[in-house]
Amino acid sequence: MLLTAPIIISFLTAIACFLARHDRVAQRWLSLLGSIALLIASFLLAAEVIRHGPIAAAMGGWLPPFGIVLVADLFAVSMVVISAIIAVTTTIYSFGEVTDGEERFGFHTLLHSLLAGGCGAFLTGDIFNLYVWFEVMLIASFGLLILGGRKEQIDGAVKYVVLNLISTIAFLTGIGLIYGATGTLNMAELRDAIPAIENDTVVLTTAVIFLFGFGVKAALFPVFFWLPASYHTPAVVVSSLFTALMTKVGVYALIRFFTLMYDTQMPQMQTMLLIIAAFTMVVGVLGAAAQNSIRRILAFHSVSQIGYILLGLAIFTPLALVGAIFFIIHHIVVKANLFLVGGVMTRLTGSEDLAKIGGLWRRTPWLAVLFLLPALSLAGLPPFFGFWAKLVVIQASFEADAYLYGFIALFVGLLTMYSMSKIWMEGFWKAHPNPSGAAALSLSRNELALLVAPIVLLTVATTALGLFASPFFDIAVQAAAQLTETDAYVRAVLGTLP
Amino acid sequence: MNSIILTAAARILTPLMIAFSLFILLRGHNEPGGGFIGGLVGATGFALYAKATSVKETIRALRLQPPTIAVLGLGAALLAGMWGQFFGDAFLQGMWPFYGPGPDGGTVGLPVGSVLLFDIGVYLVVIGSVLTILFALEDDVAHPDRLDIED
Amino acid sequence: MEPALAILIGVIVAASLYLMLSGNMVRFLFGLVLLSNAANLVIFVGGRLTYAAPPLVPEGLYAPVGVVANALPQALVLTAIVIGFGLLAFALVLVHRAYQVLGTVEGDDMRVAEPRADKG
């Protein structure tokens, strides 16, 4: 019951919002109510998993391996909880940003469909079902991306759509091959079925196909181009939602596949993953350094952060996985927040282009603080959460003798500082090039409250996670232990160990 | 389209196809058929009607906008899934309120339950989404000057 | 039968890659259609090809009689076709819209979101 709740709640909210689309107020209340219900359900589910370990439920009463199962382990529920938090902030922020027309066209319906897809992808225990949830998410994201229909949105959407479709097909091909080789699609069964495949080529081929498919979704090094091409085009709140959830689903699937099913392949894959991680970090941060527009800096920067998460996976020690989990959560909270701050900056100054804005420190010092806290966390300064995330990943790489990659991570951290200070210097510190024009742009008290409330919420979360990191560290250690010691997961799904 | 033959034929063919789609939907319980294929046949019927008359006229005949039909279908399917949960069973568990073991060992009653509701949901989703796509494409071709996506 | 289908899949993938290397988005989409069909065939072949009866349970019984086909790949392929159909329909409308708004179907000329002057 609890396992299906996040998915059902999201879908019901999507339906209710669609039926109420002509009544703006009702639709907004329904949407907010749905997000809060999702948050509550995810907390209940998390409490259950913390108490009992991984839990599973068979859909339709068809026991695995015949039916589809939903499984929740600590890693999966942490992702669901964090998605629910983002759902609440996104909903509130959207009230201040999304236009009446976009709401009537179905912004809230699409938002909650996307959340349903995300929760489904995090909770499913069947690889074909994972494909289906990916597509639910993808279709909803298409709708959100073109909502409003401006020129650059269409342009960005074309690139986003075609590259994601290729990744989808690659994923599907991988599913076909692995089904042909093992005869099962259940993740828990595949844990033992994949090592049992006699032909090593099949295993390695499918592993690389999955790496490619999820790599496109996660925006890894050679296949990340769609992200900086599209993330700065839609509404700010959509950028924030995408950066929090879309790429993370790809990363989640990578971690799930390579810890649960392909862990025996790791020695062969490890060098490749390490190199990809290093390039993703470096190329992303260099791309960000070359940009001059707030959201494009942040979008490129997301790519580099994915590299850190992949580095944690590639090193593949328990501590490194803790770091990867920490980093995912950190990145979702902080990057979603920075996009929202960037949105408010744009609204107050009239442009996203750093050359055309400025003077925000003088005008709105509180906004400067709200930018500075997540930005410093992103750059990895103590005592913020980002510091701990980075520390764990880098420490894990040093412990695993991957010094080169540890130093690359440190170096990328410095460049992150550069990008963030660029936004700070240009947006907040220097004077506005056209002060009289900027002063005319002001937000009503009501709008401002709706835009700033989610930012404050996420900033408080970042700071609290940093100051009281130790309980979260314990949970992350447990989650990583469940990823490396997969017996509990398999027992939850199949009832017994094979 | 201004073809008398098509218009006259559509008047007969559309109801026939919709009736046939309902037949396929119900037949899906034990034989090949079901909500998906039935929905496709039904959508073809309405698509033919739209070709013979107009998109506007078809939507009027449908009473509802195609996306609304799809969303209602999704709701029906979701309800069918939750039906089992209300009685403590799994999500999507088949529930048969009028159907069960009879006195002589066989099963008696009307095999109507959550599975049929789910199938009807699929049927509506397919009709709704296929017609949404078709009408959007039709609109796109008919009014190329209209550049807003919000329609 | 499997080798023949494997070769067919290879040919389809080759043709689709050729189409997808084109800068023209319409050709690219055709390539994508072909590629998704190839993926569906992979799943279909992955379920093993057998001469068997349709997997139907006769009236009054609880299990099918004799050798029946593997129903799972068919269900998977059907799902994949439906999803692929939806995605491709969207992509087609999007490219058509892009042609109206941006005036081109050449991927290289779509530079509104990432203008060249921007040194992006």
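A, B, ... follow the sequence lines: proteins, then strands. Residue 1 opens every chain.
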Query raised in the report: With no hydrogens and no angle check, is any side-chain donor or acceptor of A:K151 less than 3.5 Å from a backbone partner on C:A98?
Result: no

Query - Contact class of A:V132 relative to chain C, heavy atoms under 4.5 angstrom - result: both

**Report entry** C:N40 and A:L172, any side-chain heavy atoms less than 4.5 Å apart
**Finding:** yes

Query - Straight-line distance of A:I169 CD1 to C:S16 OG, nearest 0.5 Å - result: 8.0 Å

**Report entry** A:K356 atom NZ, neighbour heavy-atom count above 12 within 6.0 Å
**Finding:** no

Query raised in the report: Has A:F212 got more than 12 heavy atoms of other residues, nucleotides or ligands less than 6.0 Å from its CZ?
Result: yes

Query raised in the report: Does the side chain of A:Y160 come within less than 4.5 Å of C:L94's, by heavy atoms?
Result: no

Query raised in the report: Which atom names give the shortest non-hydrogen contact between C:I43 and A:G176, and what distance separates them?
Result: CG1-CA, 3.6 Å

Query raised in the report: chain A heavy atoms under 4.5 Å from C:L32: which part of the residue, side chain, backbone, both or neither?
Result: both

Query raised in the report: With respect to chain C, which residue among A:V162, A:T233, A:D353, A:V161 yields the maximal number of heavy-atom pairs within a distance under 4.5 Å?
Result: A:V162

**Report entry** For chain A, which residues of residues 72-79 of chain C have heavy atoms nearer than 4.5 angstrom
**Finding:** C:L72, C:P73, C:L76, C:T79

Query raised in the report: chain C heavy atoms under 4.5 Å from A:I178: which part of the residue, side chain, backbone, both or neither?
Result: neither

Query raised in the report: By a 4.5 Å heavy-atom criterion (distance strictly below it), what part of A:F128 contacts chain C: side chain, backbone, both, or neither?
Result: side chain

Query raised in the report: Does the pair A:L165 and C:F28 meet the rule for a side-chain contact (heavy atoms from CB on, under 4.5 Å), with working shown?
Result: CA-CA 11 Å; A:L165 286 184; C:F28 182 94; over 6 Å; no

Query - CD1-CD1 distance between C:I83 and A:I139, expressed to the nearest 0.5 angstrom - result: 7.0 Å

**Report entry** Polar side-chain atom of A:D155 near backbone of C:L102 as donor-acceptor pair, under 3.5 Å
**Finding:** no

Query raised in the report: More than 12 heavy atoms of other residues, nucleotides or ligands under 6.0 Å from CZ of C:R27: is that the case?
Result: no

Requested in this report: Quick one: closest heavy-atom pair of A:K159 and C:M110, and the distance?
Outcome: NZ-O, 2.7 Å

**Report entry** Non-hydrogen side-chain atoms of A:I154 and C:Y99 separated by less than 4.5 Å
**Finding:** no

